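Before any comments, here is the structure.
Since the structure is predicted, the reported quantities are computational estimates derived from the model, not experimental observations. Both counts, for ligands and for their atoms, begin at 1 and track the order of listing.
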Amino acid sequence: MVKKERPKFPDSYIGDQAIEYDTSKWMERNQRITTNRCLELLFDSNLGVFPDFNNNELLLLDLGCGTGFSTEILLEEGFNVISIDILSDMIYLLHKKKLENFNLILADIRNLPIRENKIDHIISVSSFNFIYEDILDNNEKNKILQQTVKIFKEVLNNNGRVILEFYPETEVDIKLLMKYFKLADFNGFLVQDNPGLRKEQNFLILEKEEN
Ligand SMILES: C[S@@+](CC[C@H](N)C(=O)[O-])C[C@H]1O[C@@H](n2cnc3c(N)ncnc32)[C@H](O)[C@@H]1O
């Protein structure tokens, strides 16, 4: 696994830094490519083939939506979307874009204000690691991961899928996450694009088993 310099949370996403993030063409391009890759993996047949559907029949959660690079793609593809972020500076910039047909919520990934069995699939681009990476106490970290996975399970429909593109610090992070998803009856696997290279990306692909 390649060690990369990681953005600081929340400093990299507040005030002028939020504006810089939103106006960076490089960032926009990367996040759009990554979101498209998440969509490709969402319907990966290794987890089973979906019955025919139209995108406008599905409700997706975009977790850690930031200023909306990922949300924009999901809307362009015709999905119904609820976008969630914890920082008002990021969400405000997305709100100002006046995109249509989606809901924007200021909330924490660890405590989603969403009703049970409401969501078809969850996508999270470059955000998930922020929910635990500053927590040094292992018990606390385990508690947060376990609780977050439990909430994902509650809000998802049967066969709902989760695609997490994130920056795991170590292999242990990935193993720990897989452990909690498996304990909560998710199936899944890791996809690593460009392993060992600077542009390495990690995607966890999970599906909630039918009750
Ligand atoms: C690198 S940005 C990614 C934004 C967006 N997904 C994109 O593709 O451009 C990471 C985002 O995760 C959000 N974030 C970090 N911790 C969070 C949490 N606990 N709950 C919700 N959002 C969080 C940050 O506020 C920031 O907007």
Which heavy atom of I86 sits nearest to which heavy atom of L106, and what is that distance?
O-CD1, 3.5 Å

For atom 1 (C) of ligand 1, the closest protein heavy atom turns out to be Y13 OH, 3.1 Å

Answer with side chain, backbone, both or neither: which part of C65 has a heavy atom less than 4.0 angstrom from an atom of ligand 1?
backbone

For R110, atoms of ligand 1 separated by under 4.0 Å from a heavy atom:
19 (N)

Given side chains that start at C-beta, do those of L204 and I163 come closer than 4.5 Å, heavy atoms only?
no

Closest non-hydrogen protein atom to atom 17 (C) of ligand 1, residue and atom name please, with distance?
I86 CG2, 3.6 Å

Worked check of side-chain contact (heavy atoms from CB on, under 4.5 Å) between Q192 and Q201
CA-CA 6 Å; Q192 224 173 35; Q201 282 189 304; over 6 Å; no

Can a donor-acceptor pair be found between the side chains of N157 and N117 at a distance below 3.5 Å?
no

What residue and atom, counting heavy atoms only, is the protein's closest point to atom 4 (C) of ligand 1, and at what distance?
G64 O, 3.2 Å

Within 4.0 Å of some non-hydrogen atom of G66, the atoms of ligand 1 are 4 (C), 27 (O)

protein heavy-atom neighbour closest to atom 8 (O) of ligand 1 works out as Q31 NE2, 3.2 Å

Please write down residue, atom name and distance for the protein heavy atom closest to atom 3 (C) of ligand 1.
Y21 OH, 3.4 Å

Look at the side chain of K143 and the backbone N and O of N138, then say whether any donor-acceptor pair between them is shorter than 3.5 Å.
no

Output the list of atoms in ligand 1 that are nearer than 4.0 Å to some heavy atom of L87, sorted by atom number.
25 (O)

Determine, using the 4.5 Å side-chain heavy-atom cutoff (strictly less than), whether Y167 and L145 are members of one ILVMFWY cluster.
no

Does an N or O from V125, backbone or side chain, lie closer than 3.5 Å to an N or O of ligand 1?
yes

Please determine if T35 has a nitrogen or oxygen closer than 3.5 Å to a nitrogen or oxygen of ligand 1.
no

Between A107 and ligand 1, which part of the residue brings a heavy atom under 4.0 Å of the ligand: side chain, backbone, both or neither?
backbone

Top protein contact for atom 12 (O) of ligand 1, by heavy-atom distance:
S127 OG, 3.2 Å

Nearest option to atom 15 (C) of ligand 1, as decided by whichever heavy atom of F166, F9, F69 sits closest
F9

Could you list which atoms of ligand 1 come closer than 4.0 Å to a heavy atom of I131?
19 (N)

Is the closest side-chain donor-acceptor distance between N142 and E140 under 3.5 Å?
no

Mind checking ring pair (Phe, Tyr, Trp, His ring centres under 6.0 Å) for F79 and listing every partner two or more places apart, or none if nothing turns up?
none

Identify the closest protein heavy atom to atom 13 (C) of ligand 1: which residue and atom is it, and at what distance?
D85 OD2, 3.2 Å

Hey, are K208 and E154 close enough for a salt bridge, meaning a charged N less than 4.0 Å from a carboxylate O?
no

Do we see a donor-acceptor contact under 3.5 Å between the side chains of Y21 and Q31?
yes

Which of the atoms of ligand 1 are close to D108, meaning less than 4.0 Å from one of its heavy atoms?
18 (C), 19 (N), 20 (N)

E57 (side chain) donor-acceptor with N54 (main chain) under 3.5 angstrom:
yes

Identity and separation of the nearest protein heavy atom to atom 16 (N) of ligand 1:
F130 CB, 3.5 Å

